[in-house]
Amino acid sequence: MFDLKFLKVVEQSFASASEIKIFENDPITPQPVTTYLSDIDWFSATTDWGTIQKDRSLDGNTLKLNNKTYTKGLSTHANSEIVYKLDGKYTSFAALVGVDGEVGSVGSVEFKVVVDNQVVFFSGVMHNNTEPNEVNVNLSGKNELKLIVTDGGDGINSDHADWVNARLIK
């Protein structure tokens, strides 16, 4: 003999066919995909001194802004320009910018982000003791990203500039 109370509980614990169909048709929200700029090749790059570095400072050390170290990023020297072709594939660009700690108390730079020939971020003059600036730029439908570093108006001596955690988001 079956216990009808038990059967009733079991019946109620399963979804109906219509409930399952509704669930199957619900859209799944895609998760953002992050691509670090140090993991991909740039389209073009120039710098007035040294060689642009990936995931290390200009002198080959750990990236360091305001005594905090980072494992991902780009390090360059004023004056520089790094260009990436986007082809409308990304929604945003994000980074933390500042003068690398390896230069001590010297060095002054300005950071610019140019998207499709329009300046969308400008840091103003930054020194080694300046708090790093966060960059977060909309790239929806955009085709070209330029990362530009210029000297702080006093020449390029010790102008080591870091784009830490520089990344594109889809």
Side-chain angles (χ1 to χ4, degrees), residues 30-154 156-170:
Q31 295 299 311
V33 176
T34 298
T35 302
Y36 286 94
L37 294 185
S38 59
D39 293 337
I40 62 174
D41 293 329
W42 46 70
F43 176 75
S44 66
T46 60
T47 184
D48 280 0
W49 187 88
T51 304
I52 298 168
Q53 301 293 323
K54 293 180 176 184
D55 298 334
R56 59 186 178 166
S57 74
L58 204 59
D59 287 345
N61 301 308
T62 301
L63 296 164
K64 186 189 245 184
L65 298 179
N66 258 14
N67 294 315
K68 184 173 180 185
T69 59
Y70 300 88
T71 58
K72 300 297 291 176
L74 304 173
S75 188
T76 187
H77 198 284
N79 295 302
S80 68
E81 179 180 279
I82 307 169
V83 180
Y84 292 89
K85 295 297 182 185
L86 306 173
D87 301 322
K89 295 178 186 174
Y90 300 96
T91 59
S92 61
F93 165 72
L96 191 63
V97 298
V99 176
D100 194 278
E102 71 190 2
V103 298
S105 62
V106 294
S108 61
V109 298
E110 294 176 323
F111 292 84
K112 290 181 193 173
V113 177
V114 178
V115 176
D116 289 349
N117 294 316
Q118 201 169 43
V119 176
V120 294
F121 173 83
F122 178 68
S123 68
V125 177
M126 297 184 74
H127 301 275
N128 180 280
N129 61 353
T130 304
E131 200 62 35
N133 278 340
E134 287 189 38
V135 181
N136 196 339
V137 173
N138 183 340
L139 296 179
S140 297
K142 303 302 182 184
N143 294 306
E144 185 179 76
L145 171 69
K146 289 182 186 175
L147 307 179
I148 298 171
V149 175
T150 58
D151 70 74
D154 58 357
I156 66 168
N157 187 38
S158 299
D159 286 352
H160 296 207
D162 293 345
W163 301 85
V164 299
N165 295 328
R167 60 207 181 275
L168 298 168
I169 296 123
K170 277 189 181 180

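One-based numbering along the sequence shown.
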So which of V149, N79, D151, T150 actually passes side chain to side chain contact (heavy atoms under 4.5 Å, CB included) with D48?
N79
Under 3.5 Å, is there a donor-acceptor pair between the S123 and E110 side chains?
no
Could you please spell out the steps behind the side-chain hydrogen bond (donor to acceptor under 3.5 Å, both in side chains) verdict for E102 and S57?
CA-CA 8 Å; E102 71 190 2; S57 74; 2.5 Å; yes
If you look at every heavy atom in E134 and F121, which pair is closest and at what distance?
O-CE1, 3.8 Å
Hey, could you give me each pair passing ring-ring contact (aromatic ring centres under 6.0 Å, His included) that has a residue in residues 67-92? Not counting sequence neighbours.
W49-H77, H77-H160
For residues 62-80, which residue pairs pass the salt bridge (Lys or Arg N to Asp or Glu O under 4.0 Å) check, not counting sequence neighbours?
D39-K72, D55-K72
Closest approach of D159 and G152, non-hydrogen atoms and distance?
OD2-N, 4.2 Å
Does any non-hydrogen side-chain atom of N66 lie less than 4.5 Å from one of P132?
yes
Heavy-atom closest pair, residues L74 and S38
CD2-CA, 4.0 Å
Determine whether L86 and L168 make a side-chain contact, defined as any pair of heavy atoms from C-beta on separated by less than 4.5 Å.
yes
Side chain to side chain contact (heavy atoms under 4.5 Å, CB included) with F93: of N136, L147, N138, only one passes, and it is L147
Can you see whether D162 engages S75 through a side-chain donor-acceptor pair at a distance of less than 3.5 angstrom?
yes
Give me the one residue out of V113, N117, I82 that meets side chain to side chain contact (heavy atoms under 4.5 Å, CB included) with K146.
N117
Keeping Q53 on the side-chain end and T51 on the backbone end, is there a donor-acceptor pair under 3.5 Å?
yes
Using salt bridge (Lys or Arg N to Asp or Glu O under 4.0 Å), reason through K54 and D41 one step at a time and then give a plain yes or no.
CA-CA 10 Å; K54 293 180 176 184; D41 293 329; 3.5 Å; yes
V33 versus I169: any side-chain heavy-atom pair under 4.5 Å?
no
Counting distance only, does the side-chain N/O of N128 pair as donor-acceptor with the main-chain N or O of D100 below 3.5 Å?
yes
For S108 and D154, test the side chains for any donor-to-acceptor distance below 3.5 angstrom and give the result as yes or no.
yes
